[in-house]
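Here the structure is laid out as structure tokens; the discussion comes afterwards.
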Amino acid sequence: YRLFPGEPKWKKNTLTYRISKYTSSMTPAEVDKAVEMALQAWSSAVPLSFVRVNSGEADIMISFETGDHGDSYPFDGPRGTLAHAFAPGEGLGGDTHFDNAEKWTMGTNGFNLFTVAAHEFGHALGLAHSSDPSALMYPTYKYQRPYGFHLPKDDVKGIQALYGPRKPFLGKPTSPHTPPHHPDLCDSTSSFDAVTMLGKELLFFRDRIFWRRQVHLPSGIRPSTITSSFPQLMSNVDAAYEVAERGTAYFFKGPHYWITRGFQMQGPPRTIYDFGFPRYVQRIDAAVYVPDTQKTLFFVGDEYYSYDERKGKMEKDYPKNTEEEFPGVNGQIDAAVELNGYIYFFSGPKAYKYDVEKEDVVSVVKSSSWIGC
Amino acid sequence: ASSLLAAAPRTSWNNYHLAQAYLNKYYTKEGGHQIGELVARRGNSMVKKIKELQTFFNLQVTGKLDKSTMDVIKRPRCGVPDVAN
């Protein structure tokens with residue numbers, strides 16, 4: 001693999017992207033899907049996440065262009081140059097252009113957009129061309145099957161040289177990107193990224209999967225992909241909570257959050273600084289709304305903040321230390337949800353049932369038992 | 001130019017111009033001399049870039065536009081240069 005001179009890379013781990021111009025040779029939905037899968041190929045190997053925006057300036061502006069399109073690297077019509085992208089940086093940095101004169105496709109009857117987009121996003125993240133013919137970053141086009149795609153080792157080494165490996169889940173040994181072909185969904189060492197009520201259902205999020213269940217019915221629990229119900233969230237939701245009396249839920253990823261009514265997204269992502277977080281907070285680990293106090297508790301590292309939902313502002317004298325305020329709950333909080341006067345804290349493989357009135361932990365179970373394992 | 005080519009006259013001129021454009025695009029460092037610009041020794045610059053391309057693509061380094069080199073040049077590819085740019 002090769003990096004660009006000076007090794008430019010993104011200094012943040014949540015990047016926005018926007019598809020500003022589409023091609024006529026594929027439907028917009030197909031382009032959206034191919035782009036999303038191409039970004040996911042990289043986010044599965046490094047701790048980067050991608051948030052789609054539909055207006056304004058994004059870190060990675062994506063467009064289909066023809067001929068001379070204003071960046072002093074004109075396209076050359078069918079074949080020849082297929083696309084190009086700019087190394088990480090402000091303005092043009094990260095932007096990715098596809099030659100609209102090509103015949104783009106989701107399959108093989110033309111140039112496969114997933115294949116070319118995955119290559120170009122390698123540049124947009126800081127990789128130059130590789131001389132390894134098996135690498136995705138090899139300069140010449142070679143069709144890659146989108147479904148079941150695994151980043152070749154040379155590309156994993158290159159991108160992890162810039163951003164390090166994706167956070168090992170609970171200390172698991174980091175290995176070159178080899179996603180579990182048959183993920184052990186009942187892996188008892190696993191925790192959850194986020195847990196929330198949504199209407200009458202309880203939702204558990206982990207990586208690209210989420211489970212739905214009735215609160216009092218531990219059967220019929222089935223995993224779904226997050227993208228199937230929350231396309232904008234894609235994977236790795238950081239935190240989520242619901243204010244039932246308002247019928248709204250909040251989903252957090254990096255410094256962004258989305259508001260939903262049920263499964264319906266209510267507009268584009270917003271920034272967590274709307275809640276009054278200090279700028280050094282880049283992401284939330286867990287969130288839980290407590291109806292009795294009408295406060296939402298946000299957990300960040302080993303501290304937590306309290307947000308007054310009625311007044312719409314962060315309470316004073318926060319953050320506080322989590323273990324001091326919630327004795328008996330050990331370790332960093334990965335997810336939390338309030339049910340009938342108890343707060344359930346998920347920390348690694350354990351779920352703590354905390355009695356809000358008694359201010360004490362009343363039981364500890366395996367996290368995975370909540371999804372029927 | 002004829003010394004660089006290993007093909008029949010007509011195709012050879014097409015190949016030469018195709019190769020010249022390719023090397024200017026992908027093997028010319030920013031601010032570097034574009035082939036065909038007035039430089040001290042023209043051929044040297046083109047031969048040097050052909051060798052760089054052949055090295056990158058793990059071809060036999062001949063400095064000539066032989067068949068395997070022209071095959072690479074004709075393949076659809078990414079528009080980002082192969083040399084530091």
Side-chain angles (χ1 to χ4, degrees), chain A residues 2-8 65 67-69 71-87 94-99 101-104 110-112 115-143, chain B residues 5 7 10-37 46-85:
Chain A
R2 283 184 169 91
L3 306 178
F4 286 117
E7 301 188 6
E65 306 287 355
D68 190 344
H69 50 283
D71 63 9
S72 66
Y73 294 93
F75 283 134
D76 53 3
R79 297 183 65 82
T81 301
L82 303 178
H84 56 224
F86 293 84
D95 291 3
T96 303
H97 302 154
F98 298 91
D99 187 348
E102 308 299 346
K103 183 180 185 319
W104 296 103
F111 290 110
N112 179 270
T115 301
V116 178
H119 173 102
E120 296 307 332
F121 294 147
H123 290 315
L125 297 178
L127 290 184
H129 281 147
S130 168
S131 52
D132 176 344
S134 69
L136 177 66
M137 294 314 290
Y138 196 64
T140 52
Y141 176 80
K142 187 175 76 178
Y143 170 70
Chain B
L5 296 162
R10 161 163 289 289
T11 26
S12 63
W13 271 112
N14 290 347
N15 284 351
Y16 179 79
H17 288 299
L18 192 63
Q20 192 178 47
Y22 189 97
L23 295 168
N24 282 340
K25 202 178 215 181
Y26 302 117
Y27 283 83
T28 300
K29 289 181 174 48
E30 198 147 307
H33 289 303
Q34 296 265 333
I35 301 165
E37 284 174 355
M46 185 123 174
V47 168
K48 185 166 164 290
K49 291 182 188 204
I50 293 170
K51 288 183 176 176
E52 272 190 272
L53 180 159
Q54 290 169 333
T55 304
F56 188 96
F57 283 96
N58 207 20
L59 303 172
Q60 193 188 350
V61 180
T62 62
K64 290 185 180 307
L65 295 175
D66 45 46
K67 183 175 179 329
S68 56
T69 303
M70 286 312 301
D71 285 350
V72 166
I73 286 174
K74 289 172 181 169
R75 262 188 243 159
R77 59 161 289 156
C78 169
V80 173
D82 295 338
V83 293
N85 192 322

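A, B, ... follow the sequence lines: proteins, then strands. Residue 1 opens every chain.
Look at B:Asp71 and B:Arg75 and you find no salt bridge, because none of the NZ, NE, NH1 or NH2 atoms lies under 4.0 Å from a carboxylate O.
Applying a 4.5 Å heavy-atom cutoff, the residues of residues 124-132 of chain A that approach chain B are A:His129, A:Ser130, A:Ser131.
Comparing A:Lys142, A:Glu102, A:Glu120 by how many heavy-atom pairs each has under 4.5 Å with chain B, the most go to A:Glu120. Of the listed residues (B:Ala21, B:Cys78, B:Gly79), the one with the most heavy-atom contacts under 4.5 Å to chain A is B:Cys78.
Between the CZ atom of A:Phe111 and the CG atom of A:Asp99 there is a distance of 9.5 Å, given to the nearest 0.5 Å. Distance OH/A:Tyr138 to CZ/B:Phe57: 5.0 Å, rounded to 0.5 Å. Atoms CD and CD1, on B:Gln20 and B:Ile50 in that order, are 10.0 Å from each other to the nearest 0.5 Å.
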Applying side-chain hydrogen bond (donor to acceptor under 3.5 Å, both in side chains) to B:Tyr26 and A:Thr81, what does each step give before you reach the verdict? CA-CA 10 Å; B:Tyr26 302 117; A:Thr81 301; 2.5 Å; yes
How far apart are the C-alpha atoms of B:Gln60 and B:Ser68, what are their side-chain angles, what is the distance that settles it, and do they pass the side-chain hydrogen bond (donor to acceptor under 3.5 Å, both in side chains) test? CA-CA 9 Å; B:Gln60 193 188 350; B:Ser68 56; over 6 Å; no
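Here the side chain of B:Tyr27 pairs no donor or acceptor atom with the backbone of B:Lys51 at under 3.5 angstrom.
Contacts of A:Ala85 with chain B are made by backbone atoms alone, with heavy-atom separations under 4.5 Å and no side-chain atom involved.
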